[in-house]
Student: 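The structure's right below; bear with me while I get my questions together.
Computed from a predicted model, the values in this text were never measured in an experiment.
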Amino acid sequence: MALGFAVTAWKQHRGYGYEMLKAVIDILFDYGVNEIRIKTWEKNLPCQELAEKLGFEKVEVVKGNHKDSFTGEISDCFLYSLTNFFG
């Protein structure tokens with residue numbers, strides 16, 4: 001399963017992304033999901049900070065896996081993981 005999310009720039013830093021992802025994490029863990037992963041590109045610092053704030057750990061760097069749709073620039077992606085130890 002894959003889930004994409006975005007918080008528009010003028011609504012960022014108000015806790016909306018945190019509250020949304022926290023609710024999704026709680027629901028998925030309640031349903032018995034053992035691990036949740038987030039994939040984000042290296043320049044998406046708000047997503048990286050949010051993942052780490054929610055307890056995700058960076059587990060992998062995927063070289064050259066992201067192509068910017070506006071500039072065509074190729075960059076790396078980071079994979080974050082959160083494990084449900086109580087599930």
Student: Measure the shortest side-chain to side-chain distance between E73 and K43 over non-hydrogen atoms and say whether it is less than 4.5 angstrom.
Tutor: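 Touching, per the 4.5 Å side-chain cut-off.
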Student: Determine, step by step, whether E35 and T83 satisfy the side-chain hydrogen bond (donor to acceptor under 3.5 Å, both in side chains) criterion, reporting the C-alpha distance in whole Å, the side-chain angles of both residues, the deciding distance to 0.1 Å, and the verdict.
Tutor: CA-CA 4 Å; E35 181 184 22; T83 302; 4.7 Å; no
Student: Is there a side-chain contact between F29 and I36 in this structure, where contact means two heavy atoms from C-beta onward sitting under 4.5 Å apart?
Tutor: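 Result yes, sub-4.5 Å side-chain heavy-atom pair found.
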Student: Is K67 atom NZ crowded by more than 12 heavy atoms from other residues, nucleotides or ligands, each under 6.0 Å away?
Tutor: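 Counting neighbours around NZ of K67, 12 or fewer heavy atoms of other residues, nucleotides or ligands fall under 6.0 Å, so no.
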Student: Quick check: closest heavy atoms across E42 and Q48, and the distance to 0.1 Å?
Tutor: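 Distance-wise, the nearest heavy atoms are O-NE2, 2.9 Å.
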Student: Are the side chains of E60 and Y80 in contact, using a 4.5 Å heavy-atom criterion?
Tutor: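 Result no, sub-4.5 Å side-chain heavy-atom pair not found.
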Student: Contact between L54 and L82 at the side-chain level, heavy atoms closer than 4.5 Å - yes or no?
Tutor: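 In short, these two side chains do not touch, never coming nearer than 4.5 Å.
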Student: Could you check whether any side-chain heavy atom of W41 comes within less than 4.5 Å of a side-chain heavy atom of V62, counting everything from C-beta outward?
Tutor: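 No; the side chains remain at least 4.5 Å from each other.
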Student: Below 4.5 Å, heavy atoms only, C-beta onward: do I38 and C47 meet side chain to side chain?
Tutor: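 Yes - at least one pair of side-chain heavy atoms lies under 4.5 Å apart.
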Student: Report whether L28 and L21 are members of the same hydrophobic cluster (ILVMFWY, side-chain heavy atoms less than 4.5 Å apart, transitive linking).
Tutor: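 As far as the 4.5 Å side-chain criterion goes, L21 and L28 are connected within one cluster.
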Student: Please round to the nearest 0.5 Å and tell me the distance separating atom CD1 of I25 and atom CE of M20.
Tutor: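 It comes to 9.0 Å.
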Student: Per the side-chain hydrogen bond (donor to acceptor under 3.5 Å, both in side chains) rule, what does the pair list look like for residues 16-25, sequence neighbours excluded?
Tutor: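 Those involving residues 16-25 are K22-D26.
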Student: Evaluate the side-chain proximity of N65 to D76: yes if any heavy-atom separation is below 4.5 Å, no if none is.
Tutor: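 Not touching, per the 4.5 Å side-chain cut-off.
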Student: Please name all residues satisfying side-chain hydrogen bond (donor to acceptor under 3.5 Å, both in side chains) with K58, sequence neighbours left out, ordered by chain then number.
Tutor: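 K58: no side-chain hydrogen bond (donor to acceptor under 3.5 Å, both in side chains) contacts found.
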Student: Would you mind reporting whether F5 and L50 have side-chain heavy atoms less than 4.5 Å apart?
Tutor: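 Side chain of L50 against side chain of F5, heavy atoms only: contact under 4.5 Å found.
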Student: Quick one: pull up NE2 in H66 and CG in N44 and give me the separation to the nearest 0.5 Å.
Tutor: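 Atom-to-atom, H66:NE2 and N44:CG are 8.5 Å apart.
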Student: Go through E57 and S81 one step at a time and tell me if the side chain to side chain contact (heavy atoms under 4.5 Å, CB included) criterion holds.
Tutor: CA-CA 5 Å; E57 293 183 21; S81 176; 5.8 Å; no
